Amino acid sequence: MSDEKYDVHATEAKWLKVWNDLDPFKADDAKVLGGHKQKYYALTMFPYPSGDLHMGHAEVTALHDVIARYRWLRGYEVLNPMGWDSFGLPAENAAIKNNEHPATYTYANIETQYESFKKFGISFDWSRRLHTSDPEYYRWTQWLFLKFRERGLAYRKNSPVNWCPSDQTVLANEQVVDGKCERCGAEVTKRELTQWYFKITEYAQELLDDLEVLSKTWPDRVVTAQRNWIGRSEGAHVDFTVHTASGDETVTVYTTRPDTLYGATFMVVAADAPLAAKLCAPERQAALETYVNEVRKASDIDRLSSERPKTGVDLGVTATNPVNGEQIPVWASDYVLADYGTGAIMAVPAHDQRDLDFAKAMSLPVRRVIDTGEPNPEETFVATSGDGVYVNSGPLDGISDKVSGIRTITADLEGRGTGKGAVNFRLRDWLLSRQRYWGVPIPVVHCESCGEVGVPEDQLPVTLPELRGADLKPKGVSPLAAATDWINTVCPQCGGAATRDSDTMDTFVDSSWYFLRYCSPGNDNAAFDSTLANAWMPADIYVGGVEHAVLHLLYARFFTKVLADMGLLETREPFAAQLNQGFVINHGKKMSKSLGNGVHLGSQLEEFGVDAVRLTLVFAGPPEDDIDWAEVSPAGSLRFLQRALRLADDVTSEPGVDVTSGDLALRKTTARTVTDAAELVELYRFNVMVARVMELVNATRKAIDSGCGGADPAVREAVEVVAQLLSMVAPYTAEEMWSRLGHQPTVARSTWPEVDPALLVQDSVVAVVQIQGKVRARLDVSPDISAADLEAAAMADEAVQKALEGQQIRKVIVREPKLVNIVV
RNA sequence: GCCCCGGUAGCCCAACGGCAGAGGCAGAGGUCUUAAACACCUUCCAGUGUGGGUUCGAGUCCCACCCGGGGCACCA
């Protein structure tokens, strides 16, 4: 036995070189296409190249790698690719600051992260590496955009968008944090701009429906978040006639409560929608304009507050309620959203709190049409929304439940031709334009005579012009607009003078299809090879952060469905199963620069080595839970690894020795461990799997020191299993063990240990005898004992008899072979 | 305000409705050592947030509440 300390860094250097030469994790398309091996696509969210890898990257990839390596051991052909989501704002900011090109920052960081990933020993297939900022990649992002546009799924419209007045740029929703610009902290306002959108709403129903299947294999919170985001609601469209200065206009409102139509006492339209100005009486136009300007100025902080007092302006016109002919006033307010439903509502203050608040603020009438038995909202100013008896409601009077009420009024409206049942979604179309440099140029040319013209496929990619430093500073329009040589071009259709679209795409477009590119990277003829994509897709597991519960995961699902409709893909869902890891925190708090509580991955690797850090991350707890680095012990992990490694030196039998003659007890423990480990990995219970391996290590140590001894074949069997199981978590140590056991690399591509089913059968089990649920005796019995025999054995037990003395037995519950409960 | 998730030993975490403890961290004692570290062995420690209910039997299922974390929040 060697006494020397485990030199982790020397071991890392030694095996890293061997693995580089062996390249053991290259996925072989042919094996999958030929049906020789079953495929497993292990996908993990690709990183953004900002600086070197941190604890978060270490955690995701350590967890992910357990799954990928497990599948290799189980004999699958595993596709485990990695790349970089390399367009985006941080590189642009760095470029402005350092007067350089964003590519400099981006590709330097990619190299750094690449080296770190390799050292971290993750079983990635590096031959499939991709970067979304490479022209070879974004050429196909542009191609996809054009295909979407051909199908009417990419279009331009004028709409209010998030605007940072300080940075002079449009912001994505996710870049607005608590109503402020995440970059400069300025309060975000709205601005009306013509922008490109993807028509994701066309897929709203399918995106919702397919969640049903995903709910079995996706985390609940992700499924719920997507359901909420899509936000399907059922109701009705109701047509009101508004009497304007220039004649009657039909205005359709959307409501989920058409049954309260008789309680509508006014109508409200979104103040910032064109409809408001159209309906407004001439003498009220000035007031409306003043109000809209105020609304525009309001920051998101104010707009988001539900305690905000209701404001609005009377448009000076009335509308006719289609069911009772009543004339009700029409108002404009910012509490009605322009882009949801029809941008207009019928207000029923008695049964909707928001309408009631508005009615109160503007002294508008309130009329109760459902008597729920609660105090009258006309007096309390507390709206009632439950079931009750309809009053003052024409054909609804006497009905006492919402479902019948809605059904009756909807039929009534449809009969009159003034309304019909309708479905609405909260989901909006996806705004993809960005006034930024470091992204995919939108491949469209604007021509005075031809209008919007897509760049022909043979002219792709439309590459970015060379800009750096100050040229990238935000000026209110995209930096690309200032690159005159680039922006001025000829129309592909008529050959006349034209300009390029100066915007770039949201980086979420890049990441909506990268998992398909991995299936045939470097393909110059297509975005992806359909045959290969069909062979590998869907990804069997997608490991990543829950922060993408809605955006990225919804967009990728949308892309997949469109591509399936284009006939390029068979699957309609990209990710069969999903695992969200928690955060690595420190002393109960998220690591952050401002708190100064960050844990540097590099220094942890330096101190404890790759394997100990990986083991700590995997063993800390369930993968979804946060890991508090202050509460775990990488030093303890390292001690365990040393313990495991030492076992390999104590094995004195030769490789290939017949294990059937080995120590039975140890062999049983080994067999049990292998069987449990498989189940635990498949349930993502990696921490428990590690605990089982620890048990096996302890049992083996005991066998060597005070049991059958190191020469027993069962010891070799156990230690080989330890090496194989440990290879999923601590690849360097496992490889070193495997080598010391006399095997060739690499243990990661060895096999899943075979288990003799006979070893899983127990000779005897401990049966517990309870009286009134309290344990009174334990019996060693055969696992296949009959209920009658077990009961008899229990009754015959001395301690049981003593406890039963003078008691009347009322019932005996027997759960053979483990339990007898006697009720007295 | 609404919706999720969680609360088991000093700490992190295990426990098909059936003996509350698998594993680890920290602590104590011991063996080894000139001594220490390492290693090895032994060991202390809770009745499962609170109150009800279902059951022969509840950490586990149901109800209410408390605490912690996360998400959504003028979507008509």
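Heavy-atom basis, side chains included; hydrogens, waters and symmetry copies ignored. This structure is a prediction, so every number in the text was calculated from the model and none was measured.
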task: Give none if B/C72 has no partner; otherwise give the nucleotide forming a Watson-Crick or G-U wobble pair with it, both distances under 3.5 Å.
output: B/G1
query: According to the Watson-Crick and G-U wobble definitions, with both distances under 3.5 Å, which nucleotide is paired to B/G27?
result: B/U43
task: Check the distance between B/A76's P and A/L261's CG and give it to me in whole angstrom.
output: 17 Å
Shortest non-hydrogen contact from A/V238 toward A/P322: CG1-CG, 3.7 Å
message: If I pick the P atom on B/A46 and the same atom on B/C41, what distance separates them, to the nearest angstrom?
response: 25 Å
- prompt: Quantified in whole Å, what is the P atom distance between nucleotide B/C11 and nucleotide B/C45?
  reply: 16 Å
- request: Using atom CD of A/Q353 as one end and atom C1' of B/C2 as the other, report the distance to the nearest whole Å.
  value: 15 Å
- prompt: Mind checking the C1' distance from B/U43 to B/A26? Whole angstroms is fine.
  reply: 14 Å
message: Any base atoms under 4.0 Å from A/V253, or only sugar-phosphate, or nothing? Heavy atoms, all strands.
response: nothing
message: Can you check the distance between B/C12 and B/G6, where both ends of the measurement are the C1' atom (answer in whole Å)?
response: 14 Å
Residue whose closest nucleotide on RNA chain B lies nearer the 5' end, A/L819 versus A/K811: A/L819
field: Euclidean distance, atom CG of residue A/L680 to atom P of B/C16 [Å, nearest integer]
entry: 11 Å
- request: With heavy atoms under 4.0 Å as the rule, sort A/T255 into base, sugar-phosphate or nothing.
  value: sugar-phosphate
Whole angstrom value for the distance that separates C1' of B/C74 from CG of A/D355: 10 Å
message: Under the rule for side-chain contact (heavy atoms from CB on, under 4.5 Å), what residues qualify as partners of A/S637, not counting sequence neighbours?
response: A/A612, A/L615, A/T616
- prompt: Is B/G47 syn or is it anti, if syn means the base angle is within 90 degrees of 0?
  reply: syn
query: Taking only side-chain nitrogens and oxygens of A/Y340, does any of them come within less than 4.0 Å of OP1 or OP2 of B/A76?
result: yes
message: I want to know whether A/F358 and A/F266 have ring centres closer than 6.0 Å.
response: yes
- prompt: With a non-hydrogen cut-off below 4.0 angstrom, is A/A225 in contact with a base, only sugar-phosphate, or nothing?
  reply: nothing
message: Applying a 4.0 Å non-hydrogen cut-off, can you work out what A/R685 is touching in the nucleic acid: base, sugar-phosphate, or nothing?
response: sugar-phosphate
task: Write down the distance separating the C1' atoms in B/G24 and B/A15, rounded off to the nearest Å.
output: 16 Å
- prompt: To the nearest angstrom, how far is A/L790 atom CG from B/G18 atom C1'?
  reply: 13 Å
field: Between B/U31 and B/G17 - P atom distance, rounded Å
entry: 46 Å
message: Tell me every residue that passes ring pair (Phe, Tyr, Trp, His ring centres under 6.0 Å) with A/Y197, counting only those two or more places apart in sequence or in another chain.
response: A/Y155
message: Can you list everything that forms a side-chain contact (heavy atoms from CB on, under 4.5 Å) with A/R815? Sequence neighbours excluded, please.
response: A/I813, A/L819
- request: Give the rounded distance in Å between these two atoms: CD1 of A/I627 and P of B/C13.
  value: 10 Å
- prompt: How far does the P atom of B/G21 sit from the matching atom of B/G59, given to the nearest Å?
  reply: 12 Å
- prompt: For A/R639, what residues pass the side-chain hydrogen bond (donor to acceptor under 3.5 Å, both in side chains) criterion, not counting sequence neighbours?
  reply: none
Output one line per pair: protein atom, nucleotide atom from nucleotides 20-29 of chain B, and distance, for all N/O pairs under 3.5 Å.
{"unit_1": "B/A22", "atom_1": "O2'", "unit_2": "A/E695", "atom_2": "OE1", "d": "2.9"}
{"unit_1": "B/A22", "atom_1": "O2'", "unit_2": "A/E695", "atom_2": "OE2", "d": "2.2"}
{"unit_1": "B/G24", "atom_1": "OP1", "unit_2": "A/N698", "atom_2": "ND2", "d": "3.4"}
{"unit_1": "B/C25", "atom_1": "OP1", "unit_2": "A/R639", "atom_2": "NH2", "d": "3.3"}
{"unit_1": "B/A26", "atom_1": "OP2", "unit_2": "A/R639", "atom_2": "NH2", "d": "3.2"}

task: Decide if atom CD of A/E679 counts as having more than 12 heavy atoms of other residues, nucleotides or ligands within a radius under 6.0 Å.
output: no
- request: Taking only the side-chain heavy atoms of A/R646 (C-beta and beyond), determine which of B/A76, B/C56, B/A39 contains the nearest atom.
  value: B/A39
Span that lies between the C1' atom of B/U55 and that of B/U60, in whole angstrom: 13 Å
query: Looking only at heavy atoms, which two atoms of A/F583 and A/E59 are closest? And how far apart?
result: C-OE1, 3.8 Å
- request: Nearest whole angstrom, please: distance from the P of B/C13 to the CD of A/E624.
  value: 12 Å
field: Earlier contact from the 5' end, RNA chain B, for A/P622 and A/Y254
entry: A/P622
With A/T265 via side-chain contact (heavy atoms from CB on, under 4.5 Å) - residues at least two apart: A/P349, A/P365, A/R367
- request: Searching all strands shown, indicate the nucleotide that pairs with B/G6 (Watson-Crick or G-U wobble; both distances under 3.5 Å).
  value: B/C67
task: Take the protein atom CG of A/L647 and the nucleotide atom P of B/C40, then report the distance between them rounded to whole Å.
output: 9 Å
